[in-house]
Amino acid sequence: MEELVALCKRRGFIFQSNEIYGGLQGLYDYGPLGVELKNNLKQSWWREMVFDRDDVEGLDASILTKPNVLKFSGHEDTFTDPLVDCRDCKSRWRADQLKSDKCPSCGSNNLTDPRPFNLMFKTSVGPVEDKDSFAYLRPETAQHIFTNFKNVVDSTSKQLPFGIAQIGKAFRNEITPRNFVFRVREFEQMELEFFVAPGTDEQWHESWVESRLSWWDEQGVSRKNLELYHVPEDELAHYSKATVDIMYKFPHGLEELEGIANRTDFDLGSHSKNQADLDIQSNVLENNESNARLATQDQETKKWTVPYVIEPSAGVDRGVLAVLNEAYKVEELDDGKTRTVLNLKPHLSPIKAAVIPLKKNHEGLVDTASNIKKDLQKLRLGRVLLENSGNIGKSYRRHDEIGTPLCITVDFETLEDKSVTVRDRNTMQQTRIEISKLSKYLEDMILKSVSYTHLRAHETPEHRGCR
Ligand code: ATP
C-alpha cells in the first residue's frame, strides 16, 4: 500500500485533502492523472449500465436531502456503527473492528460500552439556522432514485423490469477512516436500482452478481482476486432480503468492493406509505392511489405493483484503488535494472498516448508531433499528450509509471518517410508505423481494451427468462 500511495502522490493521482493546513482525516483529492482515471472508470460503468442497455435510464440528483427521506428510508434509526471510547487516551473506535478488548492505541482495557453512532452528516439550508433548515448530506445515492421513481416512470413510460442509474458523491462520518481511499468520509458511488416484478427478484439478483463480476474483470480486476461473500442474515442491512458482496484482495486485506443487495420493496413501499399518509393528512390524496404510490401499473391488467429492487452499488474510490493495485508492477529487466509499470487497461489509462519529438524544441519535429497530437485528440478517445522533453528514455519511464499504453516518437526519419516509432508499454516493443495509420491503430487498441462480454452476458437465455 505504501508504494501505491507514494506513486499516487509523486505522479499526481491522489493527494491528501486540505494538505497545506495539515490535512483533514478521511478526505482525498484527485490530481491531474487521478481525475482522468476516475472519470474513465465512471464512464466505463455508465457506458455498460446506460448506453449498452435499453432498460436503464440515468439520473443526477441532489446531495442535500430532506430529513423525511432518510427518516422513512430507515437511515435515521439504523444507519449507525457501534462506537467505543477509550477512557484513558480518549481515542474512539468501531467496536465491531476491534481485535481484542484493549484500546489499539494505548493498550488500556478501560473502554466504554459500545453505543450507536449515526454516520450521517448534518447541515443547514438557507440563511436561518433552525429546525426547518436542517438537512442531511446523503449517505448513499440510492434514496433520490427512489424519490424520483414516479418522475422517471412518468417521463419515460418504462415498464418492469427497468433500472435507474446514478453516479455521485455520498458522505459518511466514518468513526475510523483508513487505508487510503478505501474508507473515507466523502466518496463516490456508482449505483443502479433495477426494478423487477416481485417473484423474479432472486433470479435477477443472481444475474446481476454475474454481470458485475464480468464488468470488474473488464476493468482489469482479475477474477482470481475477487470473492463473493453471501452476507449472513444477522448482518443484513435493514432493507435487505439478501446481499452478495464482491470482495477484493486490497493491499490491506480482503474487503468489500461492491455490494449487490435485494432491497425488496422496502424503500418504494416505505416512501409510498408515508407519502400517502402525509397526503391523506393534507387531503391531497383523492382516492387515486397512483397519485402517491411509487408503483408501476401493468398495461394489460391495470394492476398496480410496488416493484422489488436489485441494487448493485459500487464505490468509485475503492474501484480506483483496486484498479491501481492490479495494474501496479515492478518488473526485472534483462540488464538487471527494474521498471515500475502501471499495466492499466487502455480505456482506463489517464493518457492514451504521448507524442514525443526526439529533439526538444526542434521546429520540424515539434510541428509534426503537434499535428499528430491534434489528429489523435480529434478521435475523442481520451487525452493525448505532446511531450517536448527531449529525453526519450525518461519519458518512457514516466509513461510506464502512469500507465500510458503508447509512446509515439517523432524522429528525423519521420520528416522523410512520414512514419513514427510506436512503443508498447506492456511489451516495450517498438514498431514503425505510418502517420496516416496511427488513428486506426490507437482506436483499435482502445476498443480492444473492452471485450464487451457483459453484452453477451445480458443475452443469455436465463437472463431473457427473467423478463
Ligand atoms: P463497509 O461495510 O465497508 O462499510 P458498506 O456495506 O457500508 O461498506 P454500502 O453501504 O454497501 O457499503 O455501500 C456501497 C459501496 O460504497 C461499498 O461497496 C463501497 O464500495 C462504497 N463505500 C461505502 N462506504 C465507503 C467509504 N466510507 N469510503 C469509500 N467507499 C465506501
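First listed ligand is number 1; within each ligand, the first listed atom is number 1. No experiment lies behind these values; they were computed from the predicted model shown.
Salt bridge annotation for Glu188-Lys38: present, with a cationic side-chain nitrogen under 4.0 angstrom from a carboxylate oxygen. Under 4.0 Å is where a charged nitrogen must lie from a carboxylate oxygen, and between Arg115 and Asp85 at least one such pair does. Glu140 and Arg263 are joined by a salt bridge, as a carboxylate oxygen and a charged side-chain nitrogen come within less than 4.0 angstrom of each other.
For the pair Val184 and ligand 1, a heavy-atom separation below 4.0 Å is found.
Checked against a 3.5 angstrom limit, the closest N/O atoms of Phe182 and ligand 1 fall inside it. Remark: ligand 1 and Glu174 share an N or O pair separated by less than 3.5 Å (distance only, no angle test). Between Arg318 and ligand 1, a contact under 3.5 Å exists for at least one N or O pair. Among the atoms of Val181, none of the N or O lies under 3.5 angstrom from an N or O of ligand 1. In terms of polar-atom proximity, Arg94 is not counted as a contact of ligand 1, lacking any N or O under 3.5 Å from an N or O of the ligand. Distances between N or O atoms of Gln189 and those of ligand 1 include at least one value under 3.5 Å.
Across Tyr308, Phe149, Trp204, a single residue satisfies ring-ring contact (aromatic ring centres under 6.0 Å, His included) together with Phe195, and that is Phe149.
Across Arg172, Arg183, Glu191, heavy-atom proximity to atom 12 (O) of ligand 1 is greatest for Arg172. In this comparison of Glu256, Glu186, Glu140, the heavy atom closest to atom 18 (O) of ligand 1 sits on Glu256.
Aromatic pair Phe13/Phe15: centroids not less than 6.0 angstrom apart.
Of all the heavy atoms of Leu257, the ones lying under 4.0 Å from any atom of ligand 1 belong exclusively to the backbone.
Near Gly259, meaning under 4.0 Å from one of its heavy atoms, ligand 1 places the atoms 18 (O). Close approach of ligand 1 to Glu258 is summarised as follows: ligand atoms under 4.0 Å from at least one heavy atom of the residue are 18 (O).
Residues satisfying the side chain to side chain donor-acceptor pair (under 3.5 Å) criterion with Arg339, sequence neighbours excluded, are Glu331, Asp400. By the salt bridge (Lys or Arg N to Asp or Glu O under 4.0 Å) test, Glu206 is found to be paired with no residue, residues two or more places apart in sequence or in another chain being considered.
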